[in-house]
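Below: the structure, in C-alpha cells.
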Amino acid sequence: MLGLALRVLVDHLTHKVDLLSTRNVFYLGLINFQFFPISVSLGTDLYMKKLAPADPAHAGLLFLVMSWVFLLIFTVVYRLGWFADGLARLVRSRFPAPTPNALLILAFVFLIFGTFNRLVVMTTPLINTLGGIFSIGFLGCAAGCAMWAWLPRLWNPVYALPASFITLVSMLLSMHLSFGRRDLLSVVMACVWAAYWGYLRERGNFAIFSRLGAIAAVGITLLAILSATRGEAGELRGVDQIMSAVDASQVRSGLQRMATIQDSGPVTLYLIDSRPDVIPYDTLHSLKYFLTQPVPRVIWPEKPNALGQDIVTQAGVKGLARGFSYGPGIMGHIANDNPYLALPLYAILFAVGIRFLDRICSLNMINPFVMIPVGAGLGELLAIPRGEVGLFVFRFLFMFLTAWFGMWAVAKLMIASGIQLVAPDVEGQWEAEEGGEGEEGVEHEPGPASEEGFRSLSGYQVDYDSTEGRW
C-alpha cells in the first residue's frame, strides 16, 4: 500500500507519469478497496458475519502473493507498452483545441443530452441501463468542458456563472435515481480531471492540490448527502427527494459512512479462502460477465450473474435487499475465476488498457476532444478494484465511447451550423492540415510547429515532445 503511494509520488515528481493519470486512479482504487481494508481486517481480526475466512492467515498470505504477482506483471507490461503505444499513436482527434466559448456551448449541449437520458431514457424499459450509462457519459462531458473553459479564467463571470451552473447541475442529475455513488463520483472526477489537464498541470504542486481539493470538497459533500439519504432497501430516489431530506447531521452521517472500512476487503479474503475447496472455480467469470453485458436479461435469463450477488446466495446471507451485491474485490474475482489463468491474463489486459489511455493523454494533452472523454467515466475505473469487475469495465468503456463520439458529433454540428470552433489564428492552419480543395483531408498530427498555435487556448505551457509523448 505504501509502496504504491510512494510510486505515484516519485513518478509525479520525476515527470514519469502524471499525478492524475488513469494508472494512478487504478492504483487509488487498489489502495482504497483492497490493500487498506484487508490490512485492517487482518490486523484487527474483524470480518463480516457468514463471510469470515476459515483461515485468515492463510487467506492473507495468498492475497499478498496474488497481489504482488499481479502488480509485477501489470508494472512490467505497462512500462513496456505492449500494443498500447502503437494503438495510441493511431488515435487523433480531427479537431484542434476549441475556444472557451465553444467549450461552453459543448457543455450546454451535453447537459441537455445528459438530462434527457437521465430523466427519459433511463426510465424506459429494456434500454434503461444503457440510458443510465449514456447519461453519465454526457454529464461527465458537460462538467469537463465547463471546467476546462472556466478554470483558466476563474474570476471572469462570463465563464464562471454558466460553467458553475453546468457543473453543479451535472452533479445533481447524476444523483437522480442512483443508489450507488459511482455515477456522481464519475462526474466529480471528470471535473477534477479537466481542471488538472486543462489548466493546473503546469501550475505547481500548491495550485494543483489546493484547487483540486476545493473542487473535490464540493463533490465529497454531495457524495456524503447521497450516502446519508439513500435507503437501506435499495430503493431509487429522485434528486428532489434526496435534497429535500438533507440537513447538517445527515452530511456528517454520510461522511462517517464513506470513512468506514470497505467491505470488499473482507469479502476478498472469504473468496480466496473458499475457492476451490468449498466452491469450485468459475473460470474467467469476469470476462464472460463483461462480454454478456450488452444482452438484456429479459432476452437471456441464464446469462452469468454478478459474482457479488452470487456470494449472497452461496454464503447464505439473509436480511439483505433484493439484488444486493457485495464488492468481491479484484483479487476476489481472480480467486473465483481460476487464478492460474485469470491472474496473468487480467494483469496484462489492465496494463495494456491503462497504458493505452495514459499514452493517448500524453500525446494529446492539450486537446479536450481527447482528454475529456477519457475522464468521463473515471468513477467506474476507480471502482474496478472493488468489483464487480466485468460490469465496471463495461460501463467505463461505454462512457468513454459515448463521450468520444458525442464530442465528435456535436463538434461537426457546430461547424455545420457556422459556430466558430477554434480561434481565428488557428482555424486557417487547421484547415490547411485537414486538406485543401481537391485534396483528401489528413488527420491532425500534433508536433512542435502546431503546438505553438494551440498554447493560447490551453492555458499553460507544455514541456514535452508531443510526437513521442516524452519529457
Side-chain angles (χ1 to χ4, degrees), residues 3-31 33-34 66-93 189-190 193 196-197 201 286-287 290 330-331 333-334 342-367 369-385 389-390 392-401 403-404 445-446 462 464-471:
L4 280 184
L6 183 62
R7 168 53 57 193
V8 169
L9 181 61
V10 170
D11 285 350
H12 166 63
L13 295 177
T14 58
H15 289 180
K16 289 183 178 178
V17 179
D18 274 276
L19 178 66
L20 200 54
S21 61
T22 58
R23 188 206 70 170
N24 290 350
V25 171
F26 184 69
Y27 279 177
L28 179 61
L30 285 173
I31 293 171
F33 295 114
Q34 291 285 264
M66 289 170 59
S67 58
W68 186 87
V69 174
F70 179 91
L71 284 172
L72 176 64
I73 297 172
F74 178 92
T75 302
V76 170
V77 176
Y78 180 90
R79 289 185 176 179
L80 291 176
W82 288 353
F83 307 110
D85 289 359
L87 290 174
R89 291 190 181 95
L90 301 177
V91 176
R92 291 289 184 269
S93 172
M189 293 189 70
W193 179 266
Y196 176 84
W197 286 100
R201 181 176 177 274
S286 299
L287 185 58
F290 164 77
I330 190 170
M331 293 303 155
H333 278 286
I334 290 173
L343 193 152
L345 178 61
Y346 292 178
I348 291 171
L349 290 176
F350 277 115
V352 171
I354 290 173
R355 170 73 179 201
F356 167 76
L357 294 171
D358 283 343
R359 189 64 169 158
I360 64 174
C361 289
S362 68
L363 292 172
N364 302 275
M365 61 174 65
I366 61 176
N367 195 328
F369 283 104
V370 175
M371 303 303 299
I372 288 175
V374 175
L378 289 181
E380 304 293 335
L381 180 60
L382 178 68
I384 285 173
V389 167
F392 295 170
V393 171
F394 176 82
R395 286 175 60 90
F396 172 78
L397 289 176
F398 220 97
M399 289 176 187
F400 168 71
L401 294 175
W404 182 279
E445 180 76 23
V462 292
Y464 80 119
D465 179 356
S466 60
T467 59
E468 290 296 326
R470 296 173 181 166
W471 291 89

Got [X] and [Y] here, is their nearest side-chain heavy-atom distance under 4.5 Å?
X	Y	result
Asp85	Phe356	no
Phe350	Val389	yes
Phe392	Leu382	no
Arg7	Thr75	no
Val374	Cys361	yes
Leu71	Leu4	yes
Val17	Tyr27	no
Met66	Leu343	yes

Nearest 0.5 Å, please: how far is CG in Leu378 from CZ in Phe26?
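Rounded to the nearest 0.5 Å, the CZ-CG separation comes out at 13.5 Å.
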Counterpart residues, side-chain contact (heavy atoms from CB on, under 4.5 Å), relative to [X] (two or more places apart):
X	result
Ala342	Leu284, Ile334, Asp337, Tyr346
Asp358	Ser21, Thr22, Arg23, Tyr78, Ile354
Leu72	Trp68, Val76

Looking only at non-hydrogen atoms, find the nearest pair between [X] and [Y] and report the distance.
X	Y	result
Pro373	Ala403	CA-CB, 3.6 Å
Gly377	Met399	CA-SD, 3.8 Å
Arg355	Ala84	CG-CB, 3.5 Å
Val370	Ile360	CG1-O, 4.0 Å

Apply side-chain contact (heavy atoms from CB on, under 4.5 Å) to the pair Leu30 and Phe74, showing each step before the final yes or no.
CA-CA 13 Å; Leu30 285 173; Phe74 178 92; over 6 Å; no
If the plane angle is over 60° it's perpendicular, under 30° parallel, otherwise tilted; pick one for Phe400 and Phe396.
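Correct class here is parallel.
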Does any N or O in the side chain of [X] come within less than 3.5 Å of the main-chain N or O of [Y], such that one atom is a donor and the other an acceptor?
X	Y	answer
Trp197	Leu20	yes
Asp11	Lys16	no
Asn364	Met371	no

